[in-house]
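Hydrogens, waters and symmetry mates are skipped; everything else that's a heavy atom, side chains included, is used.
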Amino acid sequence: MDGKTKLELQKTACKIRMGIIHGVHAAKSGHPGGSLSVADILTYLYFKEMNIDPADPKNPNRDRFVLSKGHAAPALYATLAERGYFDKQELFSLRHIGSFLQGHPDMKNTPGVDMSTGSLGQGISAAVGMALSAKHFGDSYRVFAALGDGEIEEGQVWEAAMFAANKKLNNLIVFVDLNGLQIDGTIEEVNSARPVDKKFEAFGWNTAEIDGNDFEQIEKALAAAKASDKPFAIIANTIKGKGVSFMENSVGWHGKAPDDEQYAQAIAELETALAAL
Amino acid sequence: MADIKTVATRVGYGEALVELGKLRDDFIVMDADLAAATQTGKFKAAFPERFYDCGIAEQNMLGIAAGIAATGKKVIVSSFAMFAAGRAFEQIRNSVCYPKLPVIIGATHAGISVGEDGATHQCLEDIALMRSLPNMTIINPADAVEAKKAVFAAIEHNGPAYMRFGRYAVPVIFGDDYDFKIGKANVLREGGDVAIIATGLMVDEALKAYDILKGEGISARVINMATIKPLDTEAVIAAARDTGAIVTAEEHSVIGGLGSAVCETLSEACPVPVLKLGVYDRFGYSGPAGKLLDEFGLRAANIAEKAKAAIALKK
């Protein structure tokens with residue numbers, strides 16, 4: 001990856017993080033921690049990787065993305081807005097009555113959302129279904145999904161993993177956003193799914209383990225995924241709350257909104273970071 | 001007495017899949033390791049490359065179906081009613097019904113007439129569960145002919161559909177010229193003293209009840225309510241207005257099924273006595289299907305008794 005590309009992605013990710021904070025603050029609720037951790041992955045997918053056209057969000061040949069960890073909706077919305085699917089001002093309507101930016105993704109009403117998700121463990125199955133559909137009907141699009149590390153405690157995830165490998169769905173690439181924290185504590189304290197890579201490998205997948213907040217590593221992992229003859233899981237070690245100092249690695253910021261003072265501080269930090277790029 | 005042809009509705013379902021498969025190749029059929037029993041095995045044998053077995057993972061199967069439908073393709077998934085509507089309930093709610101994806105669920109082995117497998121497999125709650133979901137259409141065919149026609153209608157339907165089929169061979173009621181429409185009840189017998197609204201295998205029992213009642217000088221209207229949601233409220237209200245007494249008959253719990261749907265309609269639009277025949281808040285048990293239908297009171301004689309009781313309640 002050349003320096004210019006990396007810089008542009010970093011700037012974009014910074015703006016997306018601001019969009020997350022704007023949205024969650026305006027909503028007075030939502031999930032900033034897991035949105036900030038997955039923001040770089042979404043940035044890379046929507047600005048570098050996926051074959052998509054914001055002007056034609058329902059194009060049947062587009063690449064698909066399923067946010068299986070649907071509570072990171074603020075990150076998806078901020079990414080879609082930054083990419084031009086809808087006006088960035090809409091982010092301030094997050095979770096409000098009448099907004100198409102629902103608390104969890106709604107494919108029927110939000111431009112660019114490929115699957116309604118939010119109930120954990122279900123999005124991965126839908127992504128598998130999309131990948132199967134592409135293979136069956138001879139379509140060339142690829143399917144991407146993002147799972148949470150708490151989410152993979154759901155049994156359905158492993159039903160989907162088993163099936164995807166059995167049907168050799170190598171058009172499916174899944175990120176596991178391994179930020180190490182879930183609502184009730186660290187994933188080790190609650191019910192750890194570690195080692196995540198070994199589990200996916202045991203289910204018949206190829207894997208790569210990376211720093212999921214590093215664009216060069218994301219790019220490298222996706223290159224390996226594209227050459228895979230099996231479905232591919234990218235175990236992305238990330239920092240929950242990444243980019244906002246007081247939210248980083250803090251369980252408490254899984255599912256609450258910043259107050260006005262915290263909001264101002266978070267935006268100031270991100271603006272400083274953006275200016276430094 | 002002439003021999004009565006009996007065929008399970010699941011057989012009509014399996015045959016319909018094969019016939020559909022010959023006509024079009026734009027849909028996928030899936031099962032969860034029950035293809036022989038659900039009858040999707042017939043489709044699998046005819047079109048192996050268009051059939052996918054999910055293994056014993058119904059929740060994943062419904063999610064996969066949602067994903068396929070989200071790509072604009074048609075998909076039909078099968079399992080027993082217990083595991084489709086029961087185990088995968090939340091997947092049907094959140095992945096299928098909320099985004100209104102056109103997934104067809106072919107749920108077989110519904111009701112007490114599963115027989116020997118017993119309570120764990122005798123699903124008596126699926127209509128209640130599916131009826132509570134926005135965007136869901138529920139079809140419960142009375143015989144194999146209706147089952148077949150309902151499959152052809154469902155594949156053209158632009159939304160989720162739950163189709164309920166039985167394991168037990170039941171009399172064939174309809175001829176091949178029968179015209180099935182989603183959401184449309186059929187009046188099979190005319191009568192003015194009471195109306196029997198039946199669904200599934202209880203439709204044949206209702207026709208027999210008509211004869212019993214006729215012998216006692218009572219004139220009953222018999223309505224086949226194959227589509228339970230959206231309910232043909234026009235037919236229900238007309239039956240209440242014309243007869244003033246209603247009996248519902250279903251091989252399902254009396255909580256949340258056809259009887260409840262009819263009561264919900266009539267309590268608001270045309271309150272008349274409604275007596276519900278079904279399974280009364282209990283689990284089933286093992287035994288031959290026919291014997292179980294006797295023991296659970298799901299027979300023509302039971303319908304006739306309810307009809308007389310409903311008439312007695314008229315003001």
Side-chain angles (χ1 to χ4, degrees), chain A residues 58-66 68 70 102 104-110 113-143 145 154-169 171-172 203, chain B residues 21 24-33 43 47-77 79 83 87-105 133-135 158-160:
Chain A
K58 295 283 183 197
N59 188 311
N61 296 317
R62 72 192 186 278
D63 286 344
R64 266 72 170 179
F65 174 73
V66 178
S68 200
Q102 292 291 295
H104 293 82
D106 170 13
M107 67 181 283
K108 295 304 267 189
N109 295 302
T110 312
V113 170
D114 292 323
M115 186 65 207
S116 299
T117 53
S119 179
L120 296 177
Q122 295 193 25
I124 177 73
S125 294
V128 169
M130 292 172 182
L132 179 72
S133 177
K135 289 265 182 193
H136 181 86
F137 292 102
D139 296 319
S140 60
Y141 60 81
R142 294 172 303 155
V143 182
E154 289 278 9
Q156 187 178 347
V157 170
W158 303 103
E159 294 182 2
M162 196 187 295
F163 179 91
N166 183 254
K167 301 298 182 272
K168 301 184 176 61
L169 301 179
N171 54 347
L172 175 67
F203 277 79
Chain B
R24 54 200 288 176
D25 61 1
D26 63 344
F27 69 97
I28 287 173
V29 175
M30 309 190 84
D31 207 301
D33 198 40
F43 183 88
F47 309 103
E49 73 290 352
R50 288 152 63 183
F51 175 88
Y52 294 92
D53 207 315
C54 276
I56 309 164
E58 297 81 8
Q59 300 170 26
N60 182 47
M61 179 171 71
L62 266 300
I64 287 174
I68 293 168
T71 66
K73 307 298 185 188
K74 304 261 183 196
V75 57
I76 301 170
V77 298
S79 183
F83 314 122
R87 193 181 196 106
F89 173 77
E90 203 229 316
Q91 284 72 18
I92 296 172
R93 182 191 187 276
N94 280 322
S95 290
V96 176
C97 285
Y98 175 47
K100 203 181 175 189
L101 291 167
V103 172
I104 299 172
I105 303 163
L133 296 177
N135 295 332
N158 187 27

Please classify the contact of B:Leu62 with chain A as side chain, backbone, both or neither, using a heavy-atom distance under 4.5 Å.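 Neither the backbone nor the side chain of B:Leu62 comes within 4.5 Å of chain A.
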Tell me, side chain or backbone of B:Arg50 under 4.5 Å from chain A's heavy atoms, or both, or neither?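 Contact with chain A is through both the backbone and side chain of B:Arg50.
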Could you walk me through whether A:Tyr141 and B:Thr71 pass side-chain contact (heavy atoms from CB on, under 4.5 Å), step by step? CA-CA 11 Å; A:Tyr141 60 81; B:Thr71 66; 3.2 Å; yes
Nearest heavy-atom neighbours spanning [X] and [Y]:
{"X": "A:Phe137", "Y": "B:Asp25", "result": "CE2-O, 3.9 Å"}
{"X": "A:Gln122", "Y": "B:Gln91", "result": "OE1-CA, 3.5 Å"}
{"X": "A:Lys167", "Y": "B:Tyr52", "result": "CE-CD2, 3.8 Å"}
{"X": "A:Ser116", "Y": "B:Pro99", "result": "OG-CB, 3.7 Å"}
{"X": "B:Ser95", "Y": "A:Met115", "result": "O-CE, 3.4 Å"}

When heavy-atom pairs shorter than 4.5 Å are enumerated against chain A, which of B:Ala65, B:Gly72, B:Cys54, B:Gly55 gives the highest number?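 It is B:Cys54.
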Do other residues, nucleotides or ligands put more than 12 heavy atoms under 6.0 Å from the [atom1] atom of [X]?
{"X": "A:Lys135", "atom1": "NZ", "value": "yes"}
{"X": "B:Arg87", "atom1": "CZ", "value": "no"}
{"X": "A:Arg142", "atom1": "CZ", "value": "yes"}

What part of A:Asp139 lies closer than 4.5 angstrom to a heavy atom of chain B: side chain, backbone, both or neither?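 A:Asp139 touches chain B through side-chain heavy atoms alone.
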Side chain, backbone, both or neither: which part of A:Ala127 has a non-hydrogen atom closer than 4.5 Å to chain B?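 Contact with chain B involves no heavy atom of A:Ala127 at all.
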A:Ser119 and B:Glu90: side-chain donor and acceptor closer than 3.5 Å?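 A donor-acceptor contact under 3.5 Å links the two side chains.
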State, yes or no, whether a side-chain contact exists between [X] and [Y] at a heavy-atom distance under 4.5 Å.
{"X": "B:Lys73", "Y": "A:Leu132", "answer": "no"}
{"X": "A:Glu159", "Y": "B:Met61", "answer": "no"}
{"X": "A:Trp158", "Y": "B:Asn60", "answer": "no"}

Supply the atom-to-atom distance B:Ile68 CD1 to A:Ser125 OG, rounded to the nearest 0.5 angstrom.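 The distance works out to 11.0 Å.
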If we define contacts as heavy-atom pairs under 4.5 Å, which of A:Met162, A:Lys58, A:Met107 has the most with chain B?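 Winner by heavy-atom pair count: A:Met107.
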Distance-only, no hydrogens or angles: does the B:Gln59 side chain make a donor-acceptor pair with backbone N or O of A:Gln156 under 3.5 Å?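 Absent.
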